[in-house]
Amino acid sequence: MPSASVSSTVLTYLVLSLALTLHSKIVLQWHSFGFPWLVTSVHSLSCILGMQLIVRLGLYKPTRLTDQRQRRTLWMFSLLYTLNIAASNVSLYYVSVPLHQVVRGTVPVFTVVLTRLAYRAKYSAAVYLTLVPVVLGVALATYGDYNALSLLGLMLTLLGTLLASLKTVVTNRLLIGGYDFFRLGALDLLYHLSPLAFAQTLLWALVGGEARAAAEYLQVVSLDGPGRMALLLAGLAVNGIIAFLLNIASFSASKKTSALAMTVTGNVKVVLTVVLGCYLFRVVLGFVSVLGVIITLAGGVAYSTVRYREAEEARRVAARSSI
């Protein structure tokens with residue numbers, strides 16, 4: 001069933017997104033690998049290798065870019081794609097997981113504003129109402145963690161939230177055929193984007209001095225013996241694999257559902273991230289935080305219900321008008 005396929009795709013995206021956020025924090029904090037731009041370049045390199053593997057196995061044949069507008073659009077989108085990933089990794093380095101998620105929980109607000117401004121999208125009053133408990137619940141779920149806030153961390157996380165919303169909107173527009181000249185599938189987008197993203201993040205790491213600092217750090221790690229180095233490299237490899245799988249799931253989910261549905265799915269991920277993040281990083285949840293988890297989940301259910309009913313009503317109206 002199509003609905004089952006959509007649900008499984010969104011669920012896969014949710015699980016992988018949750019795994020990547022937590023695992024990236026582990027790499028940045030537990031392994032003390034505080035080089036977010038290089039972590040982002042590892043993500044891009046993993047996507048390059050993963051796509052080449054798929055091509056070699058005959059599971060995918062890349063589409064050649066023949067239109068200059070395609071190349072120009074892809075290059076501009078690659079900047080957004082790279083900045084979105086990097087902003088998330090950089091901000092995650094400066095702030096705690098719960099605080100990172102409360103700010104990211106405002107993505108639906110940005111999505112509604114962006115789609116209304118750019119595409120004049122219209123939403124019912126019921127949709128707007130369901131977003132209130134989603135955002136409010138996320139805020140309550142991370143209540144008490146604001147002491148960990150830094151001005152730089154806040155600004156970077158807000159920037160990452162805006163970029164994440166913009167990326168979701170643009171990806172959805174590109175993949176569902178919003179632009180007639182841009183006819184690429186989800187795998188095509190990932191195949192052509194990854195090399196550009198890798199070059200951009202690696203260049204920034206070199207220019208910003210992060211690559212040199214990382215080389216010095218690796219020299220220190222090597223003095224502790226091969227065990228610690230192997231553990232760090234394995235952590236980076238696993239992080240890259242998760243990022244590759246998440247990119248495929250993200251593009252596929254964006255093609256099968258709406259931009260707003262993706263952002264609300266992201267808010268459900270926020271709650272799960274807060275709970276697991278508190279457990280992994282030893283943060284205690286109070287009553288208010290637990291209440292926030294419940295409210296956020298209730299908002300997600302309410303949104304899904306409203307959107308389902310509106311979609312069903314639209315189909316019934318279309319069916320009657322075609323008779």
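A quick note: this is a predicted structure, and the numbers were derived from the prediction, not measured. All residue numbers in this chain count up from 1 along the given sequence.
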Assigning hydrophobic clusters by single linkage (Ile, Leu, Val, Met, Phe, Trp, Tyr; side-chain heavy-atom cutoff under 4.5 Å), is [X] placed with [Y]?
X	Y	answer
I242	V42	no
L74	V55	yes
L203	W75	no
V221	L231	no
L236	L218	yes

Less than 4.5 Å apart, side chain to side chain, heavy atoms only: is that true for [X] and [Y]?
X	Y	result
L80	V170	yes
V169	Y119	yes
S44	Q200	no
L232	D224	no
V27	H23	yes

Any idea which heavy atoms bring [X] and [Y] closest together, and the distance?
X	Y	value
L16	A249	CD1-CB, 4.0 Å
A86	T40	CA-OG1, 3.6 Å
V306	A126	CG1-CB, 3.8 Å
C47	S194	CB-OG, 3.1 Å

* Asked: Counting only heavy atoms not in R212, do more than 12 fall under 6.0 Å of its CZ?
  ->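 Atom CZ in R212 is not packed in, count stays at 12 or less.
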
* Near R120 CZ, under 6.0 Å, is it more than 12 heavy atoms from other residues, nucleotides or ligands? ->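 Check fails, neighbour count at 12 or below.
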
* Rounded to the nearest 0.5 Å, how far does OG of S46 lie from CG of L246? ->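 Taking CG in L246 and OG in S46, the distance rounds to 12.0 Å.
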
Is a donor on one side and an acceptor on the other found under 3.5 Å between the side chain of [X] and the backbone of [Y]?
X	Y	value
S88	N84	no
S165	T161	no
D188	T63	yes
T130	V127	yes

* Asked: Just one of L53, N239, L190 clears the side chain to side chain contact (heavy atoms under 4.5 Å, CB included) bar with F244, so which one?
  ->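 Answer to the side chain to side chain contact (heavy atoms under 4.5 Å, CB included) test with F244 among L53, N239, L190: L190.
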
* **Criterion side-chain contact (heavy atoms from CB on, under 4.5 Å) on I54 and I248, from CA distance to verdict** => CA-CA 12 Å; I54 292 177; I248 292 180; 4.3 Å; yes

* Check: T82/T201 side-chain N/O donor and acceptor closer than 3.5 Å ->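 Looking only at side-chain atoms, T201 and T82 do not form any donor-acceptor pair under 3.5 Å.
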
* Hey, can you tell me if F35 and F33 have their rings parallel, tilted or perpendicular (30° and 60° cut-offs)? =>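 Perpendicular: the ring planes of F35 and F33 meet at over 60°.
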
* Y123 vs Y128 aromatic rings, parallel, tilted or perpendicular, using cut-offs 30° and 60°? ->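 Y123 and Y128: perpendicular rings.
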
